[in-house]
Amino acid sequence: MAYPYQIKNLDEYQQAYQQSVIDPEGFWAHVADHFYWRRKWDKVLEWDFKQPDVKWFLGGKLNITENCLDRHLGSLGSTPAIIWEPNDPEEHHRVLTYRDLYNKVCQFATVLKNNGVQKGDRVCIYMGMIPELAIAVLACARIGAIHSVVFGGFSAQSIADRIQDAQCSLVITCDGAFRGNKDIPLKSVIDDALMACPSVKKVIVCTRTRTPVSMLKGRDVWWEDEIKQVETLGNPPCPAEEMDAEDMLFILYTSGSTGKPKGVVHTCGGYMVYANYTFVNTFQYQPGEVYFCTADIGWITGHSYILYGPLSAGATTLMFEGIPTWPDAGRLWDITDKYRVNILYTAPTAIRSLMGFGLGPVNHKDLSSLRKLGSVGEPINEEAWQWFKTHIGKDKCPIVDTWWQTETGGIMITPIAGITKEKPGYATLPLPGVQPMLVDENGQEVTGNGVNGNLCIKFPWPGMIRTTYGDHERCRKTYFATYENLYFTGDGCLRDEDGYYRITGRVDDVLNVSGHRIGTAEVENAINMHAGVVESAVVGYPHDIKGQGIYAYVITDRLTHDMELTKKDIIQTVSRIIGPIAKPDKIQFVSGLPKTRSGKIMRRILRKIAEGEMDNLGDTTTLLDPAVVEEIKRGRL
Ligand code: WTA
């Protein structure tokens with residue numbers, strides 16, 4: 001039995017769940033026993049949600065890469081660890097066995113050391129989806145450097161904010177990245193970002209697109225040249241740094257309802273155990289299966305379920321550089337066919353956009369290797385769920401609708417593939433170790449079934465957020481202060497008659513656009529940077545493909561009259577400040593915003609109007625100027 005802690009049937013799930021509640025420490029100690037620790041922990045858990053102060057496996061020493069690489073070399077040395085499919089189907093794919101990956105990680109870890117990186121240093125990684133990205137991430141973990149991966153779609157300004165917040169000393173990037181028919185000039189974006197980042201001493205540039213780049217003397221070096229130097233020295237061994245279970249493993253920035261993105265911090269021991277446990281159980285991974293997660297490593301899904309979860313389990317993980325619709329909308333099905341993919345984990349947005357192309361791109365593709373399907377990132381509507389089930393899974397594959405967050409580190413509420421009875425649109429039941437609780441506005445627990453509430457978690461789990469980098473108070477305020485002694489997710493949730501959970505969406509000012517989290521305040525700040533803008537308010541509205549679209553209400557100084565041009569300029573501004581993912585879908589120019597007498601924008605009203613629910617705006621009597629609402633209604637796009 002490859003994974004002694006893998007649940008095999010519903011009884012076992014119930015038993016494991018019970019045990020995880022009655023004796024959480026015993027439960028997680030039993031799971032953690034199946035990993036390689038340099039030194040075993042003294043104590044399983046210490047916690048206090050008030051601070052918050054959460055520690056798992058105290059005193060334990062390990063390196064996550066020894067668990068993802070070294071320990072597999074004996075039995076899985078020649079097994080594919082990463083299969084890489086390039087953007088262009090004509091280009092050759094690559095396969096890295098566990099032995100190959102180990103060698104390359106050690107080599108690049110040596111490169112990092114040669115460039116002055118030490119344990120505890122922060123390294124920013126801004127690369128496309130090539131194997132070197134995985135190698136860079138693992139090489140950081142190998143030497144105890146803290147990686148901060150920034151998604152390739154973010155702008156120079158966003159990168160600079162993240163680099164400064166974490167005070168990164170080194171950046172790893174590429175000349176460019178291929179994405180569909182686009183070629184994104186990563187290095188040039190980094191050059192712009194670094195004008196405001198004095199902490200960065202070195203930049204390592206990996207060749208991918210051959211886009212011309214400028215290399216700054218003394219700062220910029222080529223990945224390939226650095227590797228050659230290590231080879232010349234005969235590839236000296238690169239022993240893994242011994243890490244404390246609670247040492248930081250990585251920072252990943254994510255949007256909240258206020259201000260700038262925050263750096264969610266995960267630590268070595270608990271995160272490893274949790275990513276692995278949830279991967280092995282949710283997907284019911286069996287040795288030898290080919291597992292394909294379509295996420296980008298720039299997001300938490302890529303961290304936990306392309307890299308750390310699968311690799312720590314000795315799985316074969318498929319990494320894809322391109323997009324689902326290029327060169328055509330059959331791309332994911334061609335890849336499934338080509339590599340005989342057994343498990344496919346993707347996002348509702350991708351499914352909905354592919355649905356739009358009809359069955360042409362699916363027909364005549366051999367999808368018979370598929371055994372399990374998964375969905376993540378946003379609520380999946382029933383229509384998309386059924387299409388996925390019928391046309392991709394051919395009615396024989398279970399679908400796991402996995403609910404979780406950057407902050408949770410791994411999957412929290414989900415069916416267990418083939419074991420939990422599924423219900424379209426429902427994330428169903430909590431995994432062992434996860435104790436959900438619904439509360440009302442006043443923080444009172446909502447008990448029983450057939451009820452709605454705000455989703456909280458009342459007991460720690462090993463993969464949970466430890467802090468927000470450099471600002472622990474922000475972590476406390478955002479997640480632990482709304483309701484006493486609870487972790488607040490920011491999501492609304494229904495618990496139905498069967499006790500099944502259905503996530504209904506964010507209850508705070510966070511949007512979920514194509515599965516990407518975007519704060520409304522962030523978009524407003526970006527819009528307000530445009531010279532002609534006086535004020536703006538941003539809300540989400542239902543969008544057929546993206547899940548949510550971005551609707552912006554904007555007040556301008558009225559100095560220009562070409563409103564179409566102003567719209568384009570605003571969109572361009574948002575793109576430059578945050579990145580193309582945050583571009584508003586609709587911009588409505590207004591002369592005022594609905595505000596309370598204390599000056600607070602009543603977003604509830606703006607949201608309703610954007611959603612088209614004009615007749616049911618609720619109480620507007622507290623508004624400073626109720627007439628403004630009528631004007632906004634008339635001008636709705
Ligand atoms: C949403 C992504 C409904 C939710 C892993 C959450 C979901 C936010 C689901 C986290 C799901 C994620 N059903 N909603 N299965 N999965 N969400 O941090 O609103 O990028 O709070 O993590 O996505 O987004 P994040």
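Just the heavy atoms: all of them, side chains too, but no hydrogens, waters or symmetry mates, feed the values below. Counting starts at 1 for both ligands and their atoms, in listed order.
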Visitor: Among Thr254, Thr406, Leu252, which one puts a heavy atom closest to atom 18 (O) of ligand 1?
Guide: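 The nearest heavy atom belongs to Thr406.
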Visitor: Does the pair Lys546/Asp585 count as a salt bridge with the N-to-O cut at 4.0 Å?
Guide: yes
Visitor: Would Asn512 count as being in polar contact with ligand 1, using the rule that some N or O on each side must be under 3.5 angstrom apart?
Guide: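 Yes.
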Visitor: Check for me whether Ala427 has a heavy atom closer than 4.0 Å to any atom of ligand 1.
Guide: no
Visitor: Ring centres of Phe488 and Tyr479 under 6.0 Å apart?
Guide: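 That pair fails the under 6.0 Å test.
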Visitor: For Thr301, take its heavy atoms, then give the atoms of ligand 1 lying under 4.0 Å from any of them.
Guide: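 Per the distance check, 5 (C).
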Visitor: Can you tell me if Trp404 contacts ligand 1 (heavy atom of the residue under 4.0 Å from the ligand)?
Guide: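 Within the 4.0 Å threshold, so yes.
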Visitor: Only pairs at least two apart or in different chains count here, so list each ring-ring contact (aromatic ring centres under 6.0 Å, His included) that has a residue in residues 402-427.
Guide: Tyr305-Trp404
Visitor: Quick one: does NZ or CZ of Lys262 land under 6.0 Å from the six-membered ring centre of Tyr253, within 45 degrees of the ring axis?
Guide: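 No; the conditions do not both hold, so Lys262 does not lie above the ring face of Tyr253.
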Visitor: Which residue pairs satisfy the salt bridge (charged side-chain N to carboxylate O under 4.0 Å, His left out) criterion with at least one member in residues 384-403, sequence neighbours excluded?
Guide: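 Counting only pairs at least two positions apart or across chains, the salt bridge (charged side-chain N to carboxylate O under 4.0 Å, His left out) contacts touching residues 384-403 are Lys389-Glu422.
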Visitor: Atoms of ligand 1 less than 4.0 Å from Thr402 heavy atoms?
Guide: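 So the atoms of ligand 1 that pass are 9 (C), 11 (C), 15 (N), 16 (N).
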Visitor: Return the closest protein heavy atom for atom 3 (C) of ligand 1 as residue, atom name and distance.
Guide: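 Result: Pro379 N, 3.1 Å.
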Visitor: Please check if the distance between the ring centroids of Trp56 and Tyr274 is under 6.0 Å.
Guide: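 No, they do not, as the ring centres are separated by 6.0 Å or more.
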Visitor: Under 4.0 Å from a heavy atom of Asp401: which atoms of ligand 1 are those, numbered in the order shown and with their elements?
Guide: 11 (C), 13 (N), 15 (N)
Visitor: Can the ring centres of His303 and Phe250 be said to be less than 6.0 Å apart?
Guide: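 Ring centres of Phe250 and His303 closer than 6.0 Å.
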Visitor: Give the minimum heavy-atom separation between Gln51 and His472, together with the two atoms involved.
Guide: O-NE2, 3.5 Å
Visitor: Evaluate Gly377 for polar contact with ligand 1, using N/O atom pairs at a separation under 3.5 Å.
Guide: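 Yes, there is a polar N/O contact under 3.5 Å.
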Visitor: Using a strict 4.0 Å cut-off to heavy atoms of Ile503, name the atoms of ligand 1 that fall inside it.
Guide: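 That gives atoms 3 (C), 14 (N) of ligand 1.
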Visitor: Provide, to 0.1 Å, the distance between atom 4 (C) of ligand 1 and the closest protein heavy atom, together with that atom's residue and name.
Guide: Asp491 OD2, 3.1 Å
Visitor: Which residue, Leu486, Leu438, Thr482, forms the side chain to side chain contact (heavy atoms under 4.5 Å, CB included) with Cys456?
Guide: Leu486
Visitor: Within a distance under 4.0 Å of any heavy atom of Ile300, pick out the atoms of ligand 1 and give their elements.
Guide: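 This gives 5 (C), 22 (O) as the contact atoms.
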Visitor: Can you find an N or O of Arg506 that's nearer than 3.5 Å to an N or O of ligand 1?
Guide: yes
Visitor: If the cut-off is 4.0 Å to any non-hydrogen atom of Val376, which atoms of ligand 1 fall inside it?
Guide: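 Selected atoms, number and element: 5 (C).
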Visitor: Which residue and atom name correspond to the protein heavy atom nearest atom 24 (O) of ligand 1, and how close is it?
Guide: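 Atom 24 (O) of ligand 1 sits closest to the protein heavy atom Arg517 CD, 3.2 Å.
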Visitor: Are any of the side-chain nitrogens in Arg466 or Glu246 under 4.0 Å away from the carboxylate oxygens of its partner?
Guide: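 Glu246 and Arg466: salt-bridged.
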